[in-house]
There are 2 protein chains.
Amino acid sequence: MEKFRGLGLKLTPQRIAIMQYLDGNTEHPSADVIYKSLTKKYPTMSMATVYNTLEVLTNRGYVRELTIEPQKKRFDPNTKHHHHLMCMACKKIVDVHSAVNVDLSPEEHDGFEIIGHHIEFYGLCQPCKKREPIKLLKGGSHQWQM
Amino acid sequence: MEKFRGLGLKLTPQRIAIMQYLDGNTEHPSADVIYKSLTKKYPTMSMATVYNTLEVLTNRGYVRELTIEPQKKRFDPNTKHHHHLMCMACKKIVDVHSAVNVDLSPEEHDGFEIIGHHIEFYGLCQPCKKREPIKLLKGGSHQWQM
DNA sequence: GTTACTGCAAAGCTTTTGCATCCCT
DNA sequence: AGGGATGCAAAAGCTTTGCAGTAAC
């Protein structure tokens, strides 16, 4: 966690715990998952601190917020440009490092200055494919039904 | 709205109003925007009815839910496969009809059966580009900072 | 006449905020 | 010592649910 020193950012035990939890983590955890994981070892940890720390890390570019799961933010400590594939059944998210060329022609970007892009793939992971062939549409099928 | 007859779906005045509001609409409205737009003409309309109708339409494939704006669903009556470009400042969303080839190699999809995908472009629309060159990062910069 | 839908209010879930206290630097 | 961080609780924002009444079929 040495890389966070000298950035005008106080290294409290709670922050260090969150940073260590995230470092190298490929689970794309939500704030809730982070909180539940750390509250065992740090019983005084609060959700406010988790959100506060995640916001600081996000604003400084050490963490990316993912919106791939509706109504819930997931967090990714890998800030290199990449995309994501989520299982529609169990919500597992894996990284996709495909180098896709998605340049838009002028008439397509409608005068916008394009700053970034992100591809969301939807599917079924192997365990879920075997377990539940159907029954995904509960709660509203999202944009993955095409 | 004739296309919704004979589907075991009751055509109430509220539903017809929502369907007419959505038909051909390219604004990608949220439930709140739909409710506010219709409550003038239909003062008894409730949010529960808006959400109920949107869920029915989504499950039947007449509407797509978009998760591009964090913590808020947006709805798109255009269910043809396409992508979206959102202004990071004013949250305006426009359609992108680029035919991008995003097939993943076997080692990339990690055993998943891929069912769909969606590309989210982030940028600044022309009015916002002139108006506010900076000041977008408030509230957490999302996945668009790459 | 049935069945499904409406609308209200209450509750749920995630996230944010106010504020007194605490502690890292 | 000082300014930022913590943690609690309360509140906010979006969405869902329970249920009695109502209207479409």
Side-chain angles (χ1 to χ4, degrees), chain A residues 1-2 4-19 28-60 63 65-75 91 137-142, chain B residues 1-2 4-19 28-60 63 65-75 91 137-142:
Chain A
M1 298 301 102
E2 292 305 314
F4 296 116
R5 282 202 185 289
L7 294 174
L9 181 127
K10 279 188 187 169
L11 291 183
T12 64
Q14 296 87 338
R15 286 195 167 170
I16 292 170
I18 294 170
M19 290 171 183
H28 311 85
S30 61
D32 188 56
V33 166
I34 297 170
Y35 173 72
K36 284 200 172 67
S37 302
L38 296 178
T39 198
K40 304 164 194 162
K41 227 175 161 180
Y42 300 82
T44 73
M45 172 89 61
S46 74
M47 281 301 281
T49 297
V50 174
Y51 276 107
N52 167 11
T53 300
L54 288 170
E55 184 185 339
V56 169
L57 294 177
T58 302
N59 284 338
R60 291 175 185 247
V63 163
E65 289 180 9
L66 306 183
T67 63
I68 191 171
E69 182 177 353
Q71 300 327 110
K72 192 181 220 168
K73 286 181 188 168
R74 306 271 296 246
F75 296 88
K91 312 287 196 262
L137 301 180
K138 184 227 159 261
S141 52
H142 304 288
Chain B
M1 298 301 101
E2 292 305 314
F4 295 116
R5 281 201 187 291
L7 294 174
L9 182 129
K10 281 187 186 171
L11 292 182
T12 65
Q14 296 88 340
R15 286 195 168 170
I16 292 170
I18 293 170
M19 290 170 184
H28 312 84
S30 62
D32 188 57
V33 166
I34 298 171
Y35 173 72
K36 284 201 173 64
S37 301
L38 296 178
T39 198
K40 303 163 193 161
K41 227 176 162 179
Y42 301 82
T44 74
M45 173 90 62
S46 74
M47 281 301 280
T49 297
V50 174
Y51 277 107
N52 166 10
T53 300
L54 288 170
E55 185 185 338
V56 169
L57 293 177
T58 302
N59 284 338
R60 292 177 184 245
V63 163
E65 289 180 11
L66 306 183
T67 63
I68 191 171
E69 182 177 352
Q71 300 326 109
K72 191 182 220 167
K73 288 180 188 168
R74 306 271 296 246
F75 296 88
K91 312 288 195 264
L137 301 180
K138 183 224 157 265
S141 52
H142 304 288

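A, B, ... follow the sequence lines: proteins, then strands. Residue 1 opens every chain.
Interatomic distance, NE2 of A/H28 versus CZ of A/F75, reported as 12.5 Å (0.5 Å rounding). In this structure, CD in B/Q71 is found 10.5 Å from OG1 in B/T67, a value given to the nearest 0.5 Å.
Taking every side-chain heavy atom of A/L11 into account, C/dT25 is the closest of D/dC14, C/dT6, C/dT25. Out of C/dC24, D/dA24, C/dG7, the shortest distance to the side chain of A/T12 is found at C/dC24. Nearest to the side chain of B/S46, among C/dT17, D/dA24, C/dC8, sits C/dC8. Comparing atom distances between the A/K73 side chain and each of D/dC14, D/dA5, C/dT15 picks out C/dT15 as nearest. Distances from the side chain of B/T49 to the nucleotides C/dT14, C/dG7, D/dT6 place C/dG7 closest.
When each of B/A31 and A/V56 is assigned the nucleotide of DNA chain D with its nearest heavy atom, A/V56 is the one assigned upstream, toward the 5' end. Closest-nucleotide positions on DNA chain D for A/R15 and B/R74 were compared, and the one nearer the 5' end corresponds to A/R15. Heavy-atom distances to DNA chain C give each of B/Q14 and A/Y51 a nearest nucleotide, and the one nearer the 5′ end belongs to B/Q14.
A/D32 places its CG atom 16 Å from the P atom of C/dG12, with the value rounded to the nearest Å. One can place CG of B/N52 at 13 Å from C1' of D/dT15, the figure rounded to the nearest angstrom. Here the P atom of nucleotide D/dT16 and the CD atom of B/E55 are 7 Å apart, to the nearest Å. A straight line from CD of B/E65 to P of D/dC14 spans 15 Å, rounded to a whole angstrom. Atom C1' of nucleotide D/dA5 and atom CE of A/M19 are separated by 12 Å, given to the nearest angstrom. Put simply, CD1 on A/I18 is 12 Å from C1' on D/dG7, counting in whole angstrom units. Between the C1' atom of D/dT15 and the CD1 atom of B/I34 lies a distance of 13 Å, rounded to the nearest Å. Between B/E69 atom CD and C/dT15 atom P there is a gap of 14 Å when expressed in whole angstrom units.
Within 4.0 Å of B/P43, counting heavy atoms only, lies no atom of the nucleic acid at all. Within 4.0 Å (heavy atoms only), A/K10 reaches at least one base atom of the nucleic acid.
The main-chain N or O of B/I68 is never found under 3.5 Å from a side-chain atom of B/R74 such that the two would form a donor-acceptor pair.
Between A/I18 and A/V50, the closest heavy-atom pair is CD1-CA, 3.9 Å.
No salt bridge links A/K91 with A/E69; every basic N to acidic carboxylate O contact stays at or beyond 4.0 Å.
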